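These notes concern the structure reproduced below.
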Amino acid sequence: MADNNKTFYLTTPIYYPSGKLHIGNTYTTVIADTIARYKRLMGYDVFFLTGTDEHGLKIEQKAEEKGISPQEYVDEMAGGIKDLWKMMGISYDKFIRTTDDYHEKTVQKIFDYLLEKGDIYLGEYEGWYSVSDEEYFTESQLAEVYRDEDGKVIGGVAPSGHEVELVKEESYFFKMSKYADRLLQYYEDHPDFIQPEVRKKEMIANFIKPGLEDLSVTRTSFDWGVPVASNPKHVVYVWIDALVNYITALGFWQDDDIKYQKFWPADLHIVGKEIVRFHTIYWPILLMALDLPLPKKVFGHGWLLMKDGKMSKSKGNVVYPEMLVERYGLDAVRYYLVREVRFGQDGIFTPENFINRINYDLANDLGNLLNRTVSMINKYFDGKVVGYNGATTAEDESLEAVIRESVQAYLEGMDDLRFTDALDNVWKIITRTNKYIDETTPWVLAKNADDSDRLADVMYHLADALRIVAILIQPVMIETPKKIFEQLGLEFNDETASLDQATIGRFPIDTLVIAKGTPIFPRLDTEEEVAYIQSHMTVGQAADDSAEDWTPDDTEWLSPDLKAIKYDDFDKVELRVAEIKDAATVNGADKLLKFRLDAGDNQDRQILSGIRQWYPDPEVLVGKKVVIVANLKPRKMKGEVSQGMILSVEDGDDVRVVIVPNELPNGSRLA
């Protein structure tokens, strides 16, 4: 075990409170909490930081929409996130908010220091800005570019899918390029700094090798931010303000910096892969400019996705953790997140997988083992766990060997951030113990008084294996270890449940198990529970495609001359169900009809379509539900605005609008 004086500083990203956090956001924090709990069990003095990033134009706009001040808005949102972390059992040591007074003052000091040093200078910025991403983009970085008739760029779409706007304003810049070579050398000297390895390759190839541009770090077009002390019309732009939270939370450049002296540099920053660039390029360069040590490791994990991609309200596929915890319990949710998603890779949430994990892993494997063990000890020995005689048979030796090997592999997995592997090894113990029952047949031993000592040994091995399992699952599952100890008649505390107790033969002799055990994970009706989860998502999951016996490579395209597009290109098209509320001709246009539609927006939209020839009486379409391309840039035709496109089918000389069933809700997205 580690020395009690050894420290471990762990952080999550600070979350941007522009909307309610979903299970994908929660995944990051559950993983961080798992690490923090494990390190504490290993004897480390842990400091676990999380919090909220509360400045920026988007927050200002959200507050304005609700008719409240930005401070009132972030107070409300931060309170909700704290409530969520309490529900999820997150054992953070500090929750920082970038609106905290001490943080803002330190940000100003850091900015002034870099300004005086010459690493920050005043200039003018012109570029494409995404409010939703709080990020600037060059034209070449945009996923899509809009041009006018003369070919001039007039807008575009960021890689995230959010639209950008041209921003031109006075700005302070940070000299990123000055530190590029030094950063690359740091990568070379510290090969484990960025994990997984693929993230480092992405950073070098996509951002550093092409040349680092100086970074705009202030804005003047909004007020909700940390003002520059020497030029208060500027507010410090989000990434300097946000990133330095990792040191301001420890008291850096404050009266009390004991925690900074004790815990910095951070042992581990955990971030989603979408913000790796900021934490592995901007953040280390900022620390270099401040002459501070760099964090030891930044781990950019994958996303928890749905079948149709990232969770988003627009896709109607969001799952919120509160619903899952209230229905299935905290430990089931935490276990699923850590076991199902291999850390560093993307994972896919489906209601079916979630319920199967509960039924097979928790109810069948673990829960049933506990129930059988407690029941047999009560039946055969009046509830008492009697003496242990060591491994007296081949079955005993095999079980004990699996336990020893699995405990060691579990520790190695946790140390290496391979949490799925660690839990796999715990379940090896559970699976092997269930098999041990079948091998030793206690119900047969109980029929012969001469086998009483052997039966006692078997019961001891079962109880002892469960005790070890309960100890090992503590970083992930908060309530279950205590329940297992309680049913086994054991006292649960820091001493009895410490990791150094996860060795064979430490179950106290003559312990009385609970008189009647209760299932800790009742088995669920899969069909009923899948339907329940789907009903609490904005739109249910699409059915799986059926497999047919055919060879797709032999299929000949109907239009082989058409240029094939990539899935990424198609994914940019948003198709929605819309109800036609009114239809009319367009003055001065022989081919155009105009439609008023309810497409699930805040108000109706108008679409023009050149189908008048086929619908001379356009009112026949009123009340019909059609499919529209919802994210086309609006354009003017014959003095009328068109906000999308209605899909139609062309068959020879005939054209017909695609009609969909009336039961489909307006605004639902085709996936």
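Quick caveat, the model's predicted, so the values are computed rather than measured.
- Between F343 and Y27, the ring planes are tilted. Angles from 30° to 60° get that label.
- The pair R339-D424 meets the salt-bridge criterion, with a side-chain N (NZ, NE, NH1 or NH2) lying under 4.0 Å from an Asp/Glu carboxylate O.
- The pair D451-R454 does not meet the salt-bridge criterion, since no charged nitrogen lies less than 4.0 angstrom from a carboxylate oxygen.
- Remark: E439 engages R432 in a salt bridge, criterion side-chain N to carboxylate O under 4.0 Å.
- The residues K273 and D346 are annotated as salt-bridged, a charged nitrogen and a carboxylate oxygen being separated by less than 4.0 angstrom.
- The ring pair (Phe, Tyr, Trp, His ring centres under 6.0 Å) test with Y328 singles out one residue from F354, Y336, Y335, and that residue is F354.
- For K94 and F47, the positive end is not near the middle of the six-membered ring at less than 6.0 Å and at most 45° from its axis.
- Ring planes of H536 and Y532: tilted class, angle from 30 to 60°.
- Side-chain contact between I520 and Q487 is present, with at least one heavy-atom pair separated by less than 4.5 Å.
- You'll find the ring centres of W85 and Y15 inside the 6.0 Å limit.
- Ion pairing of D331 with K483 is absent here, as no side-chain N (NZ or NE/NH1/NH2) approaches a carboxylate O to less than 4.0 Å.
- Contact check on D421 versus R342 returns a salt bridge, with a Lys/Arg side-chain nitrogen under 4.0 Å from an Asp/Glu carboxylate oxygen.
- Between D33 and R334 there is a salt bridge, since a side-chain N of the basic residue sits under 4.0 Å from a carboxylate O of the acidic one.
- Using a cutoff of 4.0 Å between basic side-chain nitrogens and carboxylate oxygens, E400 and R404 are scored as salt-bridged.
- Electrostatic pairing of D382 and K384 does not count as a salt bridge here, judged by no charged N lying under 4.0 Å from a carboxylate O.
- Here E529 pairs with R327 in a salt bridge; the nearest charged N to carboxylate O distance falls below 4.0 Å.
- At a cut-off of 3.5 Å, with distance as the only test, a side-chain donor of N493 or T496 sits close to an acceptor on the other residue.
- Relative to the ring axis of F8, K39 places its NZ or CZ within 45° and under 6.0 Å from the centre.
- R40 and S91 share a side-chain donor-acceptor pair at under 3.5 Å.
- Side-chain contact, T98 with H103: no donor N or O sits under 3.5 Å from an acceptor N or O.
- A donor-acceptor contact under 3.5 angstrom links the side chains of Y246 and H279, judged on distance only.
- L499 CG to L411 CG: the interatomic distance, rounded to the nearest 0.5 Å, is 6.5 Å.
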Checking H269 against T11 for the side-chain hydrogen bond (donor to acceptor under 3.5 Å, both in side chains) test, could you report, in this order, the C-alpha distance in whole Å, the side-chain angles of both residues, the deciding distance, and whether it holds? CA-CA 5 Å; H269 289 317; T11 73; 2.7 Å; yes

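- Taking the centre and axis of the six-membered ring of Y320, the NZ or CZ atom of K20 falls inside the cone set by 45° and 6.0 Å.
- At a threshold of 4.0 Å, the pair K200-E197 counts as salt-bridged, since one of the basic side-chain nitrogens sits closer than that to a carboxylate oxygen.
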